[in-house]
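For ligands, and for the atoms within them, numbers begin at 1 and follow the listed sequence. Since this is a predicted model, take the numbers as computed values, not measurements. Hydrogens, waters and symmetry mates are skipped; everything else that's a heavy atom, side chains included, is used.
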Amino acid sequence: MRTQLYIDGKWAEPVDGGSIEVINPATEEAFATLAIGNEKDADLAVKAARRAFDKDGWPQTTGKQRAVYLRRIATLIRERLEDIAKLEVLDNGKPLPEARWDIGDAAGCFDYYADLAEQLDDSNNQELAVSDDRFRCKVRREPLGVVGAIIPWNYPLLMSAWKVAPALAAGCTVVLKPAEITSLTAVELAAIAQQAELPAGVLNIVTGSGSRAGQAIITHPQVDKLAFTGSGRIGSHIMAEAAKDIKRVSLELGGKSPMVIFEDADIEAAVEWIMFGIFWNQGQVCSATSRVLVQRPIYDKLLERLAAETRKITIGNGMDEGVLLGPLVSRAQHETVQAAVERAREEGATVLVGGGRPASFDKGYYFEPTVITDMSLDSTVWNEEIFGPVVCVRPFDTEEEAVEVANDSRFGLAAAVMTKDQPRADRVSNALRAGIVWVNCSQPTFTEAPWGGYKQSGLGRELGKWGLENYLEIKQVTSFVSSDPWGWYIK
Ligand code: ADP
């Protein structure tokens with residue numbers, strides 16, 4: 001399998017013919033060749049998106065017309081769900097049932113924004129009462145232009161959908177750059193867009209590196225908005241680049257999301273939600289439950305149950321039946337996670353379970369599910385995002401202390417609270433400084449609900465109606481409707 005770029009409705013070789021091998025993280029073997037576009041390809045893609053926006057009439061289509069394309073894309077994703085899910089496993093390493101879930105969600109996202117595109121027709125052009133009845137004011141929401149969407153490797157197709165679906169629903173055109181190590185399902189999305197007969201230039205996909213294709217997109221003067229999911233370091237860089245010509249920007253960045261477990265919580269349920277929160281997708285999740293705070297009376301019991309269940313997890317190739325933890329996405333990520341665990345040891349923490357490559361694997365980027373305890377509050381392992389299957393657990397005594405420790409982070413993406421006491425659940429969820437708070441659960445994500453972080457976890461919200469607003473400008477149209485002249489200068 002050898003991919004191409006998708007620019008202006010056509011498949012194209014990169015201008016300089018660049019390519020890289022795509023590695024299966026479970027076997028470390030190359031199984032495909034990915035086209036690597038550079039600045040020139042990015043420029044062609046942006047110009048195609050610009051023309052589709054400025055001249056070819058995509059922004060002037062009605063929401064109902066755009067919804068037809070979005071629904072076609074959703075249907076085509078569902079028709080090919082099994083093949084796309086398997087491709088995602090080969091590329092990313094995640095277990096197949098998780099990949100099926102992601103691809104189903106990606107299809108659902110296109111359907112959801114089809115509905116919102118239709119509703120936009122009815123809700124647009126609303127009249128606004130103003131303080132002078134000689135004027136009539138209407139408020140229109142209009143597509144904001146050409147979007148540069150840059151996405152990471154942890155949920156390749158799903159993150160593409162979170163950006164492409166609302167952008168197209170709004171009437172924007174898009175240049176999408178997936179992460180270079182997991183681009184194959186984005187290329188499939190291009191094939192689906194072509195099959196859905198999406199007009200040329202409306203969606204362009206440039207595979208390539210962040211430093212060349214990505215950098216060319218984020219600095220391109222003809223791009224109006226940048227939508228990014230990835231690391232804080234690159235997010236900050238993108239925001240700085242966007243500032244130079246006031247591009248709109250939305251960022252979904254990292255986290256170090258706490259879960260606060262009170263003594264009245266159901267211990268078995270809490271252990272299940274911790275594991276779901278930190279081992280799903282090998283912990284390579286921006287909202288992963290990576291800091292767990294347990295009230296002291298149940299600390300030992302909970303830790304014992306968490307350790308016992310963690311040791312039972314089936315690790316293996318994501319294609320194999322019954323596997324719950326696949327390999328990490330790349331050698332580099334494996335090295336990063338290993339280094340974080342070594343640093344935790346050096347800083348005096350206890351690695352209670354896991355901590356390295358499982359002994360039974362000599363190939364593949366496998367990393368054991370890992371539980372760490374006895375770390376200090378100022379340790380690196382407690383404060384920095386690891387993006388791997390590594391959970392830190394600490395005891396606490398009072399509600400006040402738990403909230404203070406949970407909030408003592410530069411991140412604020414998600415948080416969870418486990419208790420049977422509803423007033424306490426309400427108090428703590430109000431006090432937690434995070435964009436998403438889960439009560440007696442962790443990680444459920446709904447296309448209808450806003451997703452995004454406080455503090456350094458991001459800027460703006462994706463999903464729901466907020467996700468659509470990311471791609472809309474607001475225009476007031478004010479008309480003078482009085483029969484009397486205005487009469488200030490000319491009486
Ligand atoms: P991760 O840690 O998940 O790899 P990154 O933030 O490094 O996150 O990458 C997320 C996405 O950002 C990838 O698609 C990557 O290629 C892209 N990227 C990296 N550097 C740049 C850059 N300078 N300009 C635009 N995109 C970039």
Discussion item. Taking 4.0 angstrom as the limit and counting only heavy atoms of Ile150, give me the atoms of ligand 1 inside it, by number and element.
Written reply: 11 (C), 12 (O), 14 (O), 17 (C), 26 (N)
Discussion item. Give the atom numbers and elements of ligand 1 that come within less than 4.0 Å of a heavy atom of Ile151.
Written reply: 11 (C), 13 (C), 14 (O)
Discussion item. Taking 4.0 angstrom as the limit and counting only heavy atoms of His237, give me the atoms of ligand 1 inside it, by number and element.
Written reply: 23 (N)
Discussion item. Surrounding CD1 of Ile474 (heavy atoms of other residues, nucleotides or ligands, distance under 6.0 Å), is the total greater than 12?
Written reply: no
Discussion item. Between ligand 1 and Lys177, is the shortest N or O to N or O distance under 3.5 Å?
Written reply: yes
Worksheet item: Looking at atom 20 (N) of ligand 1, what's its closest protein heavy atom, distance included?
Response: Ile234 CD1, 3.5 Å
Fill in: Flag for Gln333-Gln282: side-chain donor and acceptor within less than 3.5 Å
no
Discussion item. Given Gly210, Gly235, Pro156, identify the one with the heavy atom nearest to atom 19 (C) of ligand 1.
Written reply: Gly210
Discussion item. So for Phe387, does at least one of its heavy atoms come nearer than 4.0 angstrom to any atom of ligand 1?
Written reply: no
Worksheet item: To which of Glu385, Glu241, Arg212, Gln215 does the heavy atom nearest atom 24 (N) of ligand 1 belong?
Response: Gln215
Item to complete: Establish, yes or no, whether a centroid distance under 6.0 Å links the rings of Trp451 and Trp162.
Response: yes
Worksheet item: Can you check whether Trp153 and Phe387 have ring centres sitting under 6.0 Å from each other?
Response: yes
Discussion item. Please confirm whether the ring centroid of Phe53 lies under 6.0 Å from the ring centroid of Trp58.
Written reply: no
Worksheet, complete the sentence: Between the CD1 atom in Ile36 and the OG1 atom in Thr3, the distance rounded to the nearest 0.5 Å is 8.0 Å
Worksheet item: For atom 9 (O) of ligand 1, is some protein heavy-atom partner under 4.0 Å away?
Response: no
Worksheet item: Out of Phe361, Phe367, Tyr366, which one pairs with His334 under the ring-ring contact (aromatic ring centres under 6.0 Å, His included) rule?
Response: Phe367
Discussion item. Can you name the atoms of ligand 1, numbered from 1 with element, that are less than 4.0 Å from a heavy atom of Glu180?
Written reply: 15 (C), 16 (O)
Worksheet item: Closer than 4.0 angstrom: is that true for some heavy atom of Pro178 and an atom of ligand 1?
Response: yes
Discussion item. What protein heavy atom lies closest to atom 6 (O) of ligand 1? Include the residue and the distance to one decimal.
Written reply: Ser231 OG, 2.6 Å
Practice prompt. May I ask you to identify the nearest protein heavy atom to atom 25 (C) of ligand 1, giving residue, atom name and distance to one decimal place in Å?
Written response: Gly214 C, 3.2 Å
Discussion item. Checking side-chain polar atoms at under 3.5 Å, does Ser250 have a donor or acceptor matched by the opposite partner on Lys225?
Written reply: yes
Fill in: Test: Glu13 and Arg2 ion pair at under 4.0 Å
yes
Worksheet item: Does any N/O atom on Trp153 come nearer than 3.5 Å to any N/O atom on ligand 1?
Response: yes
